[in-house]
Peer 1: 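The structure is given below, and queries will be raised subsequently.
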Protein chains: 2
Amino acid sequence: MTDTYPDQAFAKHDHRHCIKAALREAARICRERNGRLTEQRQRVLELVWKSHKPVGAYVILEQLRADGFNGAPPTVYRALDFLLEHGLIHRIESLNAYTGCAHPGEQHSGQFLICSHCQRVAELDDLKVKKAIRNSAALHGFKADHQVIEIRGLCPQCQDH
Amino acid sequence: MTDTYPDQAFAKHDHRHCIKAALREAARICRERNGRLTEQRQRVLELVWKSHKPVGAYVILEQLRADGFNGAPPTVYRALDFLLEHGLIHRIESLNAYTGCAHPGEQHSGQFLICSHCQRVAELDDLKVKKAIRNSAALHGFKADHQVIEIRGLCPQCQDH
DNA sequence: CCGGGGTTGTTATACTATAACATAACGAAT
DNA sequence: ATTCGTTATGTTATAGTATAACAACCCCGG
Ligand SMILES: [Zn+2]
Ligand SMILES: [Zn+2]
Ligand SMILES: [Zn+2]
Ligand SMILES: [Zn+2]
């Protein structure tokens with residue numbers, strides 16, 4: 001398991017800790033799988049984690065450039081693809097944006113709570129939800145594979161304005 | 001209720017029937033809500049329903065043009081926005097595409113089974129899933145609103161290749 | 001007939017993502 | 001160390017998705 005606070009994404013916490021832990025964990029996972037966590041990929045992963053909300057590819061690109069790196073979109077998308085393949089980040093379909101995976105190490109499709117007000121995201125992994133969906137699909141003869149679950153609403157902090 | 005076959009999207013059926021029913025139903029709903037189902041909007045709705053799989057905005061545009069209509073993207077997006085607002089179609093986030101709503105009349109976020117092989121989509125409305133998600137969100141103090149649920153996999157017809 | 005809100009036309013542009021091909025870095029085998 | 005295949009990166013161009021901004025139009029009630 002990682003050392004992040006997956007279920008407390010909406011609570012106050014030392015996020016630098018999450019970033020460090022995520023990088024450490026990513027290194028371990030890549031070593032294990034013979035994936036090459038290159039400088040670039042690591043940098044992109046860090047930028048994704050640094051943002052407290054899902055971040056778009058072109059924002060990442062800007063930040064890389066601000067760091068004196070002179071890249072183009074494919075650079076960023078390739079890094080993101082690598083990170084997605086290795087289960088280190090997730091893509092939020094309804095935002096065209098990317099966010100760090102709260103419990104990397106196995107391929108999975110997460111369930112995301114997305115605050116419409118502050119844009120922060122929490123990743124869940126609720127078995128009941130998964131099962132309900134799998135059952136529902138099975139009832140229709142459908143063999144479920146990957147699932148996109150993105151729930152919009154208000155996080156605890158944003159409910160009372 | 002509509003006269004379509006929501007739960008049998010993967011089964012063989014006379015789709016012309018679905019299209020007609022959807023248009024009739026749309027007319028009724030718009031009348032009821034004082035929404036103007038103009039020629040254009042109706043045409044777009046029809047094109048969305050005609051496709052047996054979710055259809056992109058630019059595909060719709062092409063088809064309108066093939067019909068001698070000389071339009072631009074905003075035309076299509078405006079029609080789509082109208083149809084979305086009135087709950088007559090859904091947007092499939094993971095495909096950037098649009099599909100007819102199987103049970104229009106109330107605002108809702110559907111649950112979609114999307115076949116990775118034939119691209120067809122079935123819309124479900126499973127209470128257990130909804131509740132599981134609502135509960136899961138509530139456990140984290142999150143007030144859920146709209147939910148995007150898109151399940152990729154293989155439909156009954158496509159499971160044996 | 002007039003006026004105002006809603007609808008459509010039109011042009012331009014923003015934002016997101018990939019194709020295609022050249023070059024470079026790496027790592028195992030000789 | 002040299003070679004060679006693989007993987008990663010650089011670079012340019014382009015595809016695909018969506019909206020801004022403003023003008024013209026149409027419909028309907030007053
Ligand atoms: Zn995850
Ligand atoms: Zn919030
Ligand atoms: Zn629906
Ligand atoms: Zn299928």
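In what follows, chains are A, B, ... by sequence order, proteins preceding strands, each numbered from 1. Keep in mind that the numbers below use all heavy atoms, side chains included, and drop hydrogens, waters and symmetry copies. Keep in mind it's a predicted model, so treat the numbers as computed, not measured.
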Peer 1: If the condition is salt bridge (Lys or Arg N to Asp or Glu O under 4.0 Å), which residues does A:Arg43 pass it with, not counting sequence neighbours?
Peer 2: A:Glu46, A:Asp67
Peer 1: Can you check the A:Leu37 CG to D:dT9 P distance for me, whole Å?
Peer 2: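 Result: 10 Å.
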Peer 1: Other hydrophobic cluster members with B:Leu139, side-chain heavy atoms of Ile/Leu/Val/Met/Phe/Trp/Tyr under 4.5 Å, chained?
Peer 2: none
Peer 1: Holding to ring pair (Phe, Tyr, Trp, His ring centres under 6.0 Å), I want the full list of residues that pass it with A:Tyr77, two or more places apart in sequence or in another chain.
Peer 2: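 Testing A:Tyr77 for ring pair (Phe, Tyr, Trp, His ring centres under 6.0 Å), a comparison that skips the adjacent residues, returns none.
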Peer 1: Could you pull out all residues at least two apart from A:Lys128 that satisfy salt bridge (Lys or Arg N to Asp or Glu O under 4.0 Å)?
Peer 2: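 A:Lys128 satisfies salt bridge (Lys or Arg N to Asp or Glu O under 4.0 Å) with no residue once adjacent residues are dropped.
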Peer 1: Taking the six-membered ring for Trp, are B:His13 and B:His15 closer than 6.0 Å centroid to centroid?
Peer 2: yes
Peer 1: Listed in order of residue number, which residues of residues 51-65 of chain B have a non-hydrogen atom at under 4.0 Å from DNA chain D?
Peer 2: B:Tyr58
Peer 1: Write down the distance between CD (A:Glu85) and P (D:dT7), rounded to a whole number of angstrom.
Peer 2: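 These atoms are roughly 12 Å apart.
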Peer 1: Rounded to the nearest angstrom, tell me the gap between atom CG in A:Leu80 and atom P in D:dA8.
Peer 2: 15 Å
Peer 1: Please give, in whole Å, the distance from D:dA8 P to A:Gln42 CD?
Peer 2: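 The answer, rounded to whole Å, is 15 Å.
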Peer 1: Can you list the other members of the hydrophobic cluster that holds B:Leu127, where links are side-chain heavy atoms under 4.5 angstrom apart?
Peer 2: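 Via sub-4.5 Å side-chain contacts, B:Leu127 links to none.
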Peer 1: What residues form a side chain to side chain donor-acceptor pair (under 3.5 Å) with A:Ser136, not counting sequence neighbours?
Peer 2: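 So A:Ser136 forms a side chain to side chain donor-acceptor pair (under 3.5 Å) with B:Asp126.
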Peer 1: For B:Lys130, check salt bridge (Lys or Arg N to Asp or Glu O under 4.0 Å) against everything at least two apart and list the hits.
Peer 2: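 Counting only residues at least two positions away or on another chain, B:Lys130 forms a salt bridge (Lys or Arg N to Asp or Glu O under 4.0 Å) with B:Asp125.
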Peer 1: Atom NE2 of A:His86 to atom C1' of D:dA8: distance rounded to whole Å?
Peer 2: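 In whole Å, D:dA8 C1' lies 13 Å from A:His86 NE2.
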Peer 1: Using the side-chain contact (heavy atoms from CB on, under 4.5 Å) definition, which of the options B:Leu80, B:Thr38, B:Leu61 pairs with B:Val44?
Peer 2: B:Leu80
Peer 1: Sequence neighbours left out, what passes salt bridge (Lys or Arg N to Asp or Glu O under 4.0 Å) with B:Glu32? Give chain and number order.
Peer 2: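 Here the qualifying residues are B:Arg28.
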Peer 1: What is the per-nucleotide protein-contact pattern of nucleotides 7-12 of chain C, from the 5' end, where B denotes a base atom under 4.0 Å from a protein heavy atom, S denotes such proximity for sugar-phosphate atoms only, and - denotes neither?
Peer 2: SBBBB-
Peer 1: Find the distance A:Tyr77:OH to D:dT17:P and express it as a whole number of Å.
Peer 2: 13 Å
Peer 1: Show every side-chain hydrogen bond (donor to acceptor under 3.5 Å, both in side chains) that has at least one partner inside residues 82-99 of chain A, sequence neighbours left out.
Peer 2: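 Every pair satisfying side-chain hydrogen bond (donor to acceptor under 3.5 Å, both in side chains) with a residue in residues 82-99 of chain A: A:His90-A:His108, A:His90-A:Glu123, A:Arg91-A:Glu93, A:Arg91-A:Asn96, A:Arg91-A:Tyr98, A:Ser94-A:Glu150.
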Peer 1: Contacts to DNA chain C from residues 87-99 of chain A, heavy-atom cutoff under 4.0 Å, which residues?
Peer 2: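 Per residue number, the list reads A:Arg91, A:Asn96, A:Tyr98.
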